[in-house]
There are 2 protein chains.
Amino acid sequence: MVERGGSGVPGGRRKQRVSMADVAKLAGVSSQTVSRVSNGHSGVVASTREQVLAAMRELGYRPNSAARALRYGQFNTIGVILFSLSSTGNSRTVEAIATHAAAEGYAITLIPIDVPTQDNVLGAFTRMGELAVDAVIVIMEIHLLDTGTVQLPPGVHVVVVDSDAGDRYSVVDTDQADGARQAVRHLLDLGHRTVWHVTGPQASFAGQRRAQAWRAVLQEAGRPVPPALYGDWSAESGYAAGLVLADPPDCTAVFAANDQMALGLLRAFHERGLSVPYDVSVVGFDDIPDAAFFVPPLTTVHQDFAEVGHRCVQKVLQQIRAGGGGQPGTDLVPTRLVVRDSTAPPRG
Amino acid sequence: MVERGGSGVPGGRRKQRVSMADVAKLAGVSSQTVSRVSNGHSGVVASTREQVLAAMRELGYRPNSAARALRYGQFNTIGVILFSLSSTGNSRTVEAIATHAAAEGYAITLIPIDVPTQDNVLGAFTRMGELAVDAVIVIMEIHLLDTGTVQLPPGVHVVVVDSDAGDRYSVVDTDQADGARQAVRHLLDLGHRTVWHVTGPQASFAGQRRAQAWRAVLQEAGRPVPPALYGDWSAESGYAAGLVLADPPDCTAVFAANDQMALGLLRAFHERGLSVPYDVSVVGFDDIPDAAFFVPPLTTVHQDFAEVGHRCVQKVLQQIRAGGGGQPGTDLVPTRLVVRDSTAPPRG
DNA sequence: ATCATGGGGGCCTTTAATGAG
DNA sequence: GCTCATTAAAGGCCCCCATGA
């Protein structure tokens, strides 16, 4: 037992990796028998099995997943390509993906793209093709797939989150448009004449959808459409927008494209002495856990990130098991408005 | 060429996977030459190379990473075991790990543990051993490794984040204690007689360290140590603590173990008509991006999650390259206090 | 002598076919 | 004829060495 315990047995480098053959030799059987024991197959008498297990323990044997994958042709791993984990939505979606994948016996491999240039995206897709994954989930966020400039490698099982590419890929998305409609209608129903909007980044799908729906609801209702204020999801950009919106006296309601920007709005209005909701109503989007503890608690659109992740895993496993490419089409996860204390009828 | 073209050519199932041999056949060369082209090795004349590349494109060839891993004995993948991605700290650390790993040519595989029972942790470690990873980073958060009940498999390269197991494993951690000391001293320096504390979950390492340091600073300064209020990182638990703290008239300063609980405190104090910072000073921990936009902007301890992730990758790659086990020891990433508007001298 | 290419073997596991009791 | 174990081959890739120009 001198060998055990990790670092540097003097005079002898620890063997890099214990193979089945090593176990077989120690147990005095063939490697075939070891394989059977390892995979719980029948045809090994109890005493032999016990011997083999003992040898495995003694040597600290772990099956080589490369060889196994080579044999079986699959890795039990799903790749996830994304731009950033730092947004609440992404990290929660990824967490749900990881959890549901684990429940099905799959691990997930993360491929981050730090700067979303076309080269980087293509590079990630290429690398992904070479990676030890059976399928890929792409969390897009931005406009690349639907422009056709970026192509996912053919013959790879793919599910895309948050994209317009539903005509070519299997897509799962939150029902952004409906969520935004609920938000804007809620404000109009309260009696506001119109609703201002702080957008997400211009390249963002989700942001675009929310802005489109905002505009559409106002137009359908025959209300004036104020100019959109451009944000970048950060609280800071919401704060900047809030400082602008604090001036026009006719701004009584704002729909922010996410909760963090709404937080920035709240602070800006507070600094300028405007009361939320009595002077200005604010609605956010996402329903991050903190939103209920903003001052005042934020009315916002709840997104079910966990469900998005869940459906991604379902779809991708379906593709793997069916063996074919994914059916194009978009699967929409519903949203719902959560009314808290940041919205009220306009004063007067 | 009937075989090509993705989904369901009638009558013929598409070949599962294109091998080097297939490419070689189409290009009229040996598979060895294909290998050379694939890896950018020299010794292939331009015309041949072009032919091979054409054949690769035509067939949609992607190298089989299982075979490659089998050959090389490594996967270029690092496993990350964690409990949750939903905390800011974890997701930012993981993002940094993924980014730095990618820069070194490694992908990362996520193994989530939904409920941190001992069985689940052991199971994850076992599975990790069989997984296609070259090393493992464990983001522990809770007390399991140092109790000795859970053992990481020997012979696996491991780096642990946030743990007391520095005597046995290679550990990277934020300097929790120093951060907490800075926070408490800042409040004492402002003239507060003592400082109350809202803790993290009791099982959390980080939480324990911060609470210990809080207590130690008060004792060293000869100040009374108020009873700790137990939170669970959530804004809700901070809110609950805030409602309690709003009553004792001698509470003029609170140190919350993270920013979200601080957010809950701010709301509770606001509801009770207490002004922050004039009636009560509040300090948080983490410096999440939103903290600067709380009302009022939060004084808090900045954690460098990116640096933690970076060092994890460095250490783990070092282990892989050196081939040995990791040197036990703890690598501390410094913290710094960021003073904003939620702290002030006590009234009167 | 240099340089482009091809053949053979091995990495480790699993499964089918074959052998021994 | 039946149980259990062994041998052999396959899976895709890359290195070593050999071949031919």
Side-chain angles (χ1 to χ4, degrees), chain A residues 15-53 55-56 59-77 127 129-134 155-156, chain B residues 15-56 59-77 105 127 129-134 155 323:
Chain A
K15 195 170 183 306
Q16 267 318 95
R17 183 89 196 198
V18 181
S19 80
M20 253 176 45
D22 300 321
V23 177
K25 201 161 108 190
L26 179 59
V29 299
S30 77
S31 56
Q32 164 65 308
T33 305
V34 178
S35 169
R36 279 211 251 272
V37 172
S38 174
N39 294 16
H41 286 181
S42 62
V44 181
V45 78
S47 62
T48 312
R49 158 169 273 111
E50 202 37 65
Q51 233 172 348
V52 172
L53 288 174
M56 283 180 172
L59 263 42
Y61 169 75
R62 294 174 297 129
N64 181 325
S65 47
R68 184 173 265 173
L70 180 57
R71 187 70 184 75
Y72 284 134
Q74 61 170 8
F75 294 93
N76 282 359
T77 299
R127 277 182 54 217
E130 306 171 5
L131 232 56
V133 299
D134 304 318
V156 179
Chain B
K15 192 170 184 309
Q16 267 321 95
R17 185 90 196 199
V18 181
S19 78
M20 257 176 40
D22 299 323
V23 176
K25 203 160 107 190
L26 178 61
V29 299
S30 76
S31 56
Q32 171 60 288
T33 304
V34 177
S35 167
R36 280 203 256 267
V37 172
S38 175
N39 295 16
H41 287 181
S42 62
V44 182
V45 81
S47 62
T48 311
R49 157 169 271 112
E50 201 38 66
Q51 236 173 345
V52 171
L53 287 173
M56 283 180 172
L59 264 42
Y61 168 75
R62 294 176 295 129
N64 181 323
S65 47
R68 181 173 269 167
L70 179 57
R71 184 69 183 73
Y72 283 130
Q74 62 170 9
F75 292 92
N76 282 1
T77 298
R127 279 182 53 218
E130 304 173 4
L131 232 57
V133 299
D134 304 316

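Chain A is the first sequence line, chain B the second, and so forth, proteins listed ahead of strands; every chain is numbered from 1.
Using a 4.0 Å cut-off, some side-chain N or O of B:Arg68 falls inside it from OP1 or OP2 of D:dC14. The side chain of B:Tyr61 contributes no N or O atom lying less than 4.0 Å from OP1 or OP2 of D:dG12. In terms of phosphate contacts, A:Asn39 brings a side-chain nitrogen or oxygen within less than 4.0 Å of OP1 or OP2 of C:dT14.
Remark: the B:Arg36 side chain and the C:dA4 base include no donor-acceptor N/O pair separated by less than 3.5 Å. Between the base of C:dT14 and the side chain of A:Gln32 there is no donor-acceptor pair shorter than 3.5 Å. Looking at B:Arg71, its side chain comes within 3.5 Å of the base of D:dC14 through a donor and an acceptor atom.
Atoms OH (B:Tyr72) and C1' (C:dC12) sit 17 Å apart, rounded to a whole Å. Atom CZ in A:Arg49 sits roughly 12 Å away from atom C1' in D:dC4 (whole-Å rounding). In this entry the distance linking CE of B:Met20 with C1' of C:dG9 reads 14 Å, nearest Å. We find that CG of B:Asn64 is positioned 10 Å from P of D:dC14, with the value rounded to whole Å. Atom P of nucleotide D:dC13 and atom NE2 of B:His41 are separated by 14 Å, given to the nearest angstrom.
One finds the OG atom of A:Ser38 at 12.5 Å from the CZ atom of A:Arg62 (value rounded to the nearest 0.5 Å).
Both B:Val44 and A:Ser35 lie near DNA chain C, and the one whose nearest nucleotide falls closer to the 5' end is B:Val44. Between A:Ser31 and B:Ala67, the residue anchored nearer the 5' end of DNA chain C, judged by the nucleotide with its closest heavy atom, is B:Ala67.
Looking at heavy-atom distances under 4.0 Å, B:Thr33 makes contact with sugar-phosphate atoms alone, never a base. B:Val34 comes within 4.0 angstrom of no nucleic acid atom, judged by non-hydrogen atoms across all strands. Among the heavy atoms of the strands lying under 4.0 Å from A:Thr48 are primed sugar atoms or P, OP1, OP2 only; no base atom is included.
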Inset, instruction - For side chain to side chain contact (heavy atoms under 4.5 Å, CB included), just list the numbers for B:Arg68 and B:Asn39, CA-CA rounded to whole Å, side-chain angles, deciding distance to a tenth of an Å, and then say yes or no. - result: CA-CA 11 Å; B:Arg68 181 173 269 167; B:Asn39 295 16; 3.2 Å; yes
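Between the side chain of A:Ser30 and the backbone N or O of A:Thr33, at least one donor-acceptor pair lies under 3.5 Å.
The side chain of A:Leu70 has D:dG11 as its nearest neighbour among C:dT14, D:dG11, C:dT13. Closest to the side chain of B:Ser19, out of D:dC13, C:dT5, D:dC4, is D:dC13.
Of the candidates B:Asp22, B:Val18, B:Leu53, B:Val52, B:Tyr61 forms a side chain to side chain contact (heavy atoms under 4.5 Å, CB included) with just one, namely B:Val18.
The two residues B:Asn76 and B:Asp134 have their closest heavy-atom pair at N-OD2, 2.6 Å.
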